[in-house]
Engineer: 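Got a structure for you, questions after.
The sequence lines fix the lettering, A, B, ..., with proteins before strands; numbering per chain opens at 1.
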Amino acid sequence: MKKRGFGYGCIFYGTGYGNGFPDISRSIAELDTKGHINIYVGATEVGQGAKTILGQIAAEALDVPVEIVTLIHEDTSITPDAGTAAASRQTYNTGNAVKISAEELKKEIIVVAKGLLNEDHLEISNGVIRSNTSDKTLTLKDIAEASGGGFLRKDGIFQANTTEMDPETGQGNPYWPYTINAYAVEVEVDTTTGIVDIIRAACSQDVGRAINPSLVEGQIDGGFAMGLGYAIFEDINLDKGRIKHNRFTNYLIPTALDMPEIEKIIVEDPESTGPFGAKGIGEPVMIAAAPAILNAIYDAVGVRLTEIPVTPEKLLKALKKREG
Amino acid sequence: MDIKNVFQAKDVPEAINLLDQYGEAAKVIAGGTDIIIALRENHVKVSVLVDISSIKELKEIKTSDDWVEMGAAVTFTEVMDYFKGHKEYSGLIEAASLVGSPQIRNAATIGGNICNASPAADFVPPLLALDAVLTVEGKEGKREVRLEDFLLDKGRVDLNKGELLTTIKFIRLRKGQTVTFSKLGLRKALAISRLSTAVYLEIDDDEKCAEVRVASGSIGKHGLRERVAEESLKGKNLDKAAIDEASKVLSNEVEKRLAGRSSCEFKKDAVEGIFLKAVEKAMVHNGDGSYCAMGTQYYPRAAGKE
Amino acid sequence: MKKNLEVVGKSVIRVDGFSKVTGKATYSQDLTMDNMLWGKTLRSTKPHANIKLNLTKAEVIPGVVRILTYKDVPHNHHGVVFKDHEVLSSGRVRSIGTPIAFVVAETEKIAVEAMKAIEVEYQELEAVFDPVEAMKEDAPKVHENGNLLYHYKLRLGDVDAAFKECAVIVENQYKTSMVDHAFLQPEAGIAYLEEDMVVVCAATQYPHFDQLEIAEALEVPTEKVKVLNPAVGGAFGGREDITMQIHLALASKLTGRPVKTVYSREESFVAHSKRHPMIMSYKTGADKNGKLIAMEAKIVGDTGAYASWAINVLRKAGVHATGPYEIPNVKVDSYAVYTNNPFAGAMRGFGATQTPIGHEQQMDMLAEKLNMNPLEIRFLNALKKGSKTATGQILEESFPLKECLEVLEKAFKKDAKGVE
Amino acid sequence: MKTINVKINGENYTREINEDMRLLDFIRDELKLYGTKEGCGEGECGACTVIMDGVTVNSCMVMAFQANNKEILTIEGMEDEKGLHPIQQAFLDEGAVQCGFCIPGMVLSAKALLDKNPKPSRKEIKEGISGNLCRCTGYNKIVDSIEKASQYLEGEDQ
C-alpha cells in the first residue's frame, strides 16, 4: 500500500570558522589600464557561484557595470588569502572584504577624478564619473590613464565577529551571523517494499539579502538533493574500516528521477554586517531537508526511524516490528 | 586489461570463426557495459575481443505469425522502441526501461544481459516468464536451448567453446496473454535490481488463470522460474485471496532459499509486494469486478489500478 | 549608502558558465605537459598495522623514475588543525587508504604496475571501529595520546531540576551514517617547477592553505610554492584536507619534471575525508503548553584515524544541538573520537547537519504527545531577534525563523494531502 | 595497434590506437578534446557521455575500436559559427550550471533527448538525463533549461 505524509524541519546555522578563530578574508580591487576592474581574492569557485557574486558585490560597491569586473582567484602568487571556500563564509566574509576594497578603490578613483576635473562633488554612476554640480564626466579609462598608466589598487580586509567559548560551560558568541533554513516535504511510502518517494518539497531560505537569486535557488535544489541522499540513500557502509560502497554503482546519490520539484522561497531580512545585507547559505540549504523527510515518513506510516539512511530494508523492518 | 587483438565482426560466420580460432583467449563484446568493467578489474582475462555490435542480422526484431524473434545484439532502447504501445509486452518494455540509464540502454544488449548470467539481470525474468528459446550457433551448426536451461550458475551459461548466442525468441502473445515486470531498485534510475519478478498470465474466457509463469531476479544464482507460485495460481479465479496466497507461497520459497543470508528477512517480505505489483499489472480490472489480461481486447479497459 | 541596488539582487548569469557549457573549462585532469611523469599512490589495505616496505621489485621496472617514501619527505606531517596525517606513512598505518608510497613513472600504466610490485609487509595491530568502544580505557589506541580527541561542554541552567518540571519528555538515540561528498570530479593534479618555485595545480577549496602545507612539508619558504586552482568540480568540504598536493610537489621537486596524478572514483573514496557519523542521545522536555524547558544531548562523533576538522565539527554539533529553539536548561556533551575508520572531516553543514536528525524528530514527537501540530510547537519555541541562544549569544538581528515557517506553511498547505 | 576511422564533430580522423583503449581515452588523450569528463569509469555517472550514431553512450564503456566507422559528437561539436547551441544557451540562461563537471555530458543527453522528442514533458526530461549524475544542482534547473531549450529550438524551426 502507498501512504503519504508531510513533514517539516527547520534549522539555524552559524557561519564562519567560529569560536574565536581569526576568520579573515582579504581582497584587492584594481582599476586596470583599460579602465576595467579586477578583483583579486583567494576564494575558490567550487561551483557555488563565488566568482559571480563577488563580482556583483564589487560592481555594486563601485557602481560600475558588472561586465567590466573580473574576478581573479586562481593563483596564490597574485591573490591575497581569502580563507577557505567552506563554512558558508565566502559570500559574507570575502564578500565584505571585496566590498571594502571596492569602496576604497572608489574613493581613490574619486580623488583622482577631483584632481582632473577640479570639482569637489563627484560620484560614480554606472561606470561613469559624474559631477553633481556640472555636466562634466570622466570614464574609468580616463582615470586609469591619468594615474600614470599604472594600476590603482586598494586592499580590503574583513574579520568576522566570533569569540571563544568558555571551556567549561560552552558560553560565548561562537558564530555570527546565523542563517535559517526550513523545509516542508511530502513523501509517499510503499509499505510493501519500504521504498520512499519524495513527492514534493518547499523551502524557505533566509539569505539576509540575495546577491543573486538564481544562484540561491540553485543552491537550494542542490542542497535538497544532498539532504535527500543523506536521509534515504547514502552510507559508505564500513566493514572493519573498509569502505564497501566505494563506487557510484553502490554509493547511491540521487538521480534526476529521484528529485521532486521544489518551491523555493527566498526570505530577505538584511544582516547589517553582511555585504549589502547578505549571509552565507551554502550549507544551510541542505540541512533541514533530511529531518523533514524523516518526519514525513513518520506522518505517512507511523514509525520513527532514528537511524539514517532509511533504506527500504530498515523501513520494512520497522513496519513489521510495529505490526508485532 | 591486456587486450592484444580486436575484431569488429561483420557477420555471424566471421564472429564464430574468430571465436573458434581464439578459443578461451577470446570474448564477445557487444554493448560493453559489463565486460569493460570486468576487463579493467581483471575479473575477465582475455586477450581477444570480438565485437558483434555491428552485425546487422543480430540487431533485428521480427514478429512472425507464431514467434517474436530478437537478435542478441538488440539494445534495450531498441526493445523499448519496438514494443512501444504494445501493452501485452509491458513486462519487456518495463524491464528494458529499468536497465541502468539511457546511455546504458543505448549500448547494452539483451544477449549480453543473458550471457552475463547476473542474478540481477533485469531482462532475464520476463524472458523466463515468456519461456524464451535461444539459438546458439557454432562451427558445428545451430542449436536451440530454453533460456531456463541455458542459465547454469551465477555468471555461467551453456555456451561451448566457439559458440555465440544469436537470437532469442518466444511465442507471440495472443488475446488474453500478457507479460509484466516489477522491480525493486534502491533509486529510480541507475539502480541494480534488489529484487524483481515477472509474470506471464493467460486468462481464459471464464476469467480463470489458464496459464501462468512466474520468474524472479536477484533471489537466486540467476533468474529463476518460481514454480510453486505458478502452481498456486494455475486454474484459479484470480481474486485477492488467490493472489495473496500465491505471494505467501512465493515468500516462503524465498525464505527457504535465502535462509541464513542477511538479505533474507527483507527479501522474503519485499518479494510479496513486488510480486503483487507484477500480477496487478498483468490484470486489468473492469468496473464490474471482472478482469482481463492487460493489453488484450476482450473487455473494455477500465482505469488500471496502480 | 546608495539609493537602489543595481547589480545585487539580480540573477546575473554566472561568469564561469560559458566555459562550462562549452566544455572549455579546465579541470585539473585536463592538464598535460611535455615531459610529464605520472604518479600513483600506494595505500594501506589494513586498518591498523606496522608496515615494512620492499621496493626492490618495483624500482627495477623500466620506466619507474622514483618511488617516494616517508624518507623523502622533509617534514612528514600535515593536517588542517592537528598535524596528525603523515604525508607518507613512516611505519604505522591507522586506516585503510593511508598513503604509503608515491610511485613516479614515465606512464600511468608503469606507475600502476610498479605500485603493485611494491611489497608491503603488514604486522597487524588490534583495531577499533566503534567510537563508543574507542572511548573505553582498554581500547586499542589509534594515537599515542588516547582516542578521545575533544570534548565540548555546553551548560545552561539546571537540566536535572528542569526535567522534573516537564509535562512531557522524549528520549531517543539517533545514528547517522558516514557519507561521502561524491563530488563529480575525482581528485587530480599536476605539479611542475618554475625555476626554484614549485607550482601545484589541483582542485582545492583553500589554495592558500595548501600552499602553507606544501611549503611546510617541503621545508621551503611559502613564496617558493604557488598553488593554481583551475575549475573545481564540486567540493562540499571534501577538498579541505590535503590529498595529493604534497606528493605531487615533492615528486616534481625531486625529479625536476612535471608530475601528474588522477584518482579513480574508488581512490577518491578512500583519499578524502568523510562526514562524521554521530551517535546522538537526546532527551528533550516541555511543559504542558509545549514550551521547551530542558534538553540534554550526548553526541559521539567518529573522526576515524585522523583529526582533520573533528574538533570544530563536534563543537559545531554541540552549539547547534538545541536546534533553533529557546531552551532555558541545556546540557550538551559532544565528543570527537579516533577510530581506525577512514578519517572524517568537513562536509556541508559541518556537524550541524547531524544534530537536526535528532532535534527535529524530538520536536515532532513532543508535539504528538502534546497533541500539537509540528509547526505550532516550532513557532512557540522559535529563537527570534533578541533571543539568547543556549551559548548565551544574543541574536541581535536578522533571525527570521518565524517568517520562514510562516511562508513555508502558506506554500505547503497540508489540506493538499493525498491530492495529486 | 589497430587503425580506426572515426568522424568526430564532423571531422574525419584516422588513427592508430592501442587495442585496449577506451573511446573516452581516445577522445581525451589522442584527440585532446578535454570537454568529455571521466567521473567514475563504469558508466554510472554519465560525465563521459557522447553521442555515437545518434544515441548517447558512456564513452568509458565503449572500446575505441568499436567506434570504427562511427560518427561521434562531443561537447566541442555543439557550438557552430553562430555561437552557442540553443541547449547551451538555455543552460546559461536558466542557471543550470554549478561546478560544471557533469555539464558536457548533460548537454549531450539533452540534445539526444530533444532530437528524438522535441517537446518532452518534465518527466521525460528527467528520464532523459537520469544517466547523468549531478551533485550540485539537484537537477531542477537543468530540467528547466531543457524545457527552455525545447522552446528555443522550436522558435528556430519556425
Side-chain angles (χ1 to χ4, degrees), chain A residues 44-53 85 183 185 197-203 205 210-230 233-234 245-264 281-283 285-286 289, chain D residues 37-49 56 58 60-61 89-110 112-113 120-148:
Chain A
T44 302
E45 169 61 60
V46 291
Q48 85 280 41
K51 200 175 171 90
T52 305
I53 63 134
Y183 275 102
V185 173
D197 192 1
I198 317 294
I199 303 293
R200 64 186 177 123
C203 172
Q205 181 61 51
I211 304 289
N212 186 316
S214 173
L215 290 179
V216 172
E217 288 175 2
Q219 287 291 305
I220 293 172
D221 283 324
F224 186 85
M226 200 176 268
L228 189 169
Y230 194 45
F233 292 148
E234 295 179 31
H245 292 171
N246 67 342
R247 49 210 287 178
F248 280 167
T249 41
N250 50 24
Y251 188 84
L252 304 184
I253 65 172
T255 71
L257 285 168
D258 299 297
M259 265 296 284
E261 304 289 335
I262 299 174
E263 182 169 355
K264 295 164 282 254
I281 59 125
E283 293 164 286
V285 290
M286 172 200 172
Chain D
K37 306 298 181 195
E38 177 164 11
C40 71
E42 53 179 352
E44 196 75 8
C45 77
C48 67
T49 301
T56 53
N58 292 310
C60 73
M61 294 278 93
Q89 190 61 50
F91 270 59
L92 277 185
D93 293 348
E94 292 295 312
V97 181
Q98 288 188 31
C99 91
F101 202 75
C102 72
I103 294 297
M106 205 64 92
V107 167
L108 290 162
S109 281
L113 170 72
S121 66
R122 285 182 79 81
K123 177 89 193 298
E124 288 168 332
I125 293 171
K126 288 182 176 189
E127 274 163 7
I129 58 167
S130 63
N132 295 81
L133 293 178
C134 171
R135 189 58 153 170
C136 300
T137 68
Y139 307 100
N140 284 332
K141 282 187 181 287
I142 293 175
V143 177
D144 293 344
S145 57
I146 297 172
E147 272 188 324
K148 178 61 72 77

Engineer: Flag the one option from D/Gly39, D/Gly95, D/Cys136 with the top tally of heavy-atom pairs under 4.5 Å to chain A.
Structural biologist: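 Going by pairs under 4.5 Å, I would pick D/Cys136.
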Engineer: So, are D/Lys148 and D/Asp93 salt-bridged, with charged N and O less than 4.0 Å apart?
Structural biologist: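 Salt bridge absent between D/Lys148 and D/Asp93.
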Engineer: Select, from A/Ala256, A/Gly49, A/Gly222, A/Pro260, the one with the greatest count of heavy-atom pairs under 4.5 Å involving chain D.
Structural biologist: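 Winner by heavy-atom pair count: A/Ala256.
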Engineer: With chain D as the partner, which of A/Gly218, A/Gly223, A/Ala225 has the greatest number of non-hydrogen pairs under 4.5 Å?
Structural biologist: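 Of the candidates given, the most pairs with chain D belong to A/Gly218.
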Engineer: Does the distance from a Lys or Arg side-chain N to an Asp or Glu carboxylate O, for A/Glu261 and D/Lys126, drop under 4.0 Å?
Structural biologist: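 Here A/Glu261 pairs with D/Lys126 in a salt bridge, since their nearest N and O are under 4.0 Å apart.
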Engineer: D/Tyr139 side chain to D/Cys134 main-chain N or O, any donor-acceptor pair under 3.5 Å?
Structural biologist: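 Judged by distance alone, yes, a pair lies under 3.5 Å.
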Engineer: Which one, A/Leu257, A/Leu228, A/Asn212, leads in non-hydrogen pairs under 4.5 Å with chain D?
Structural biologist: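 Looking at each option in turn, the highest pair count goes to A/Leu257.
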Engineer: Most heavy-atom pairs under 4.5 angstrom with chain A, which of D/Ile129, D/Thr137, D/Val97?
Structural biologist: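 The answer is D/Thr137.
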Engineer: A/Leu215 versus chain D, heavy atoms under 4.5 Å apart: side chain, backbone, both or neither?
Structural biologist: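 Neither part, no heavy atoms under 4.5 Å.
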Engineer: Within the structure provided, determine whether D/Val143 and D/Ile125 are in side-chain contact (heavy-atom separation under 4.5 Å).
Structural biologist: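 Contact flag for D/Val143/D/Ile125 side chains = yes.
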Engineer: What is the minimum heavy-atom distance between A/Ile220 and A/Ile262, and which atoms define it?
Structural biologist: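 That would be CG2-CG2, 4.3 Å.
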Engineer: Side chain, backbone, both or neither: which part of D/Ser130 has a heavy atom under 4.5 Å from chain A?
Structural biologist: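 Both backbone and side chain.
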Engineer: Taking the side chain from A/Glu45 and the backbone from A/Gly47, do they hold a donor-acceptor pair closer than 3.5 Å?
Structural biologist: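 Side chain of A/Glu45 to backbone of A/Gly47: a pair is present.
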Engineer: Is chain A contacted by the side chain of D/Glu44, its backbone, both, or neither, given a heavy-atom distance below 4.5 Å?
Structural biologist: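 Side chain only.
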Engineer: Rounded at 0.5 Å granularity, tell me how far CD in A/Gln219 sits from CD in A/Glu283.
Structural biologist: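 The CD atom of A/Glu283 is 10.5 Å from CD of A/Gln219, to the nearest 0.5 Å.
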Engineer: Considering only heavy atoms, which portion of A/Phe224 lies under 4.5 Å from any heavy atom of chain D: side chain, backbone, both, or neither?
Structural biologist: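 Neither part, no heavy atoms under 4.5 Å.
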Engineer: Looking at chain A, which one of D/Lys123, D/Arg122, D/Glu94 has the largest number of heavy-atom pairs inside 4.5 Å, strictly under?
Structural biologist: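 Winner by heavy-atom pair count: D/Arg122.
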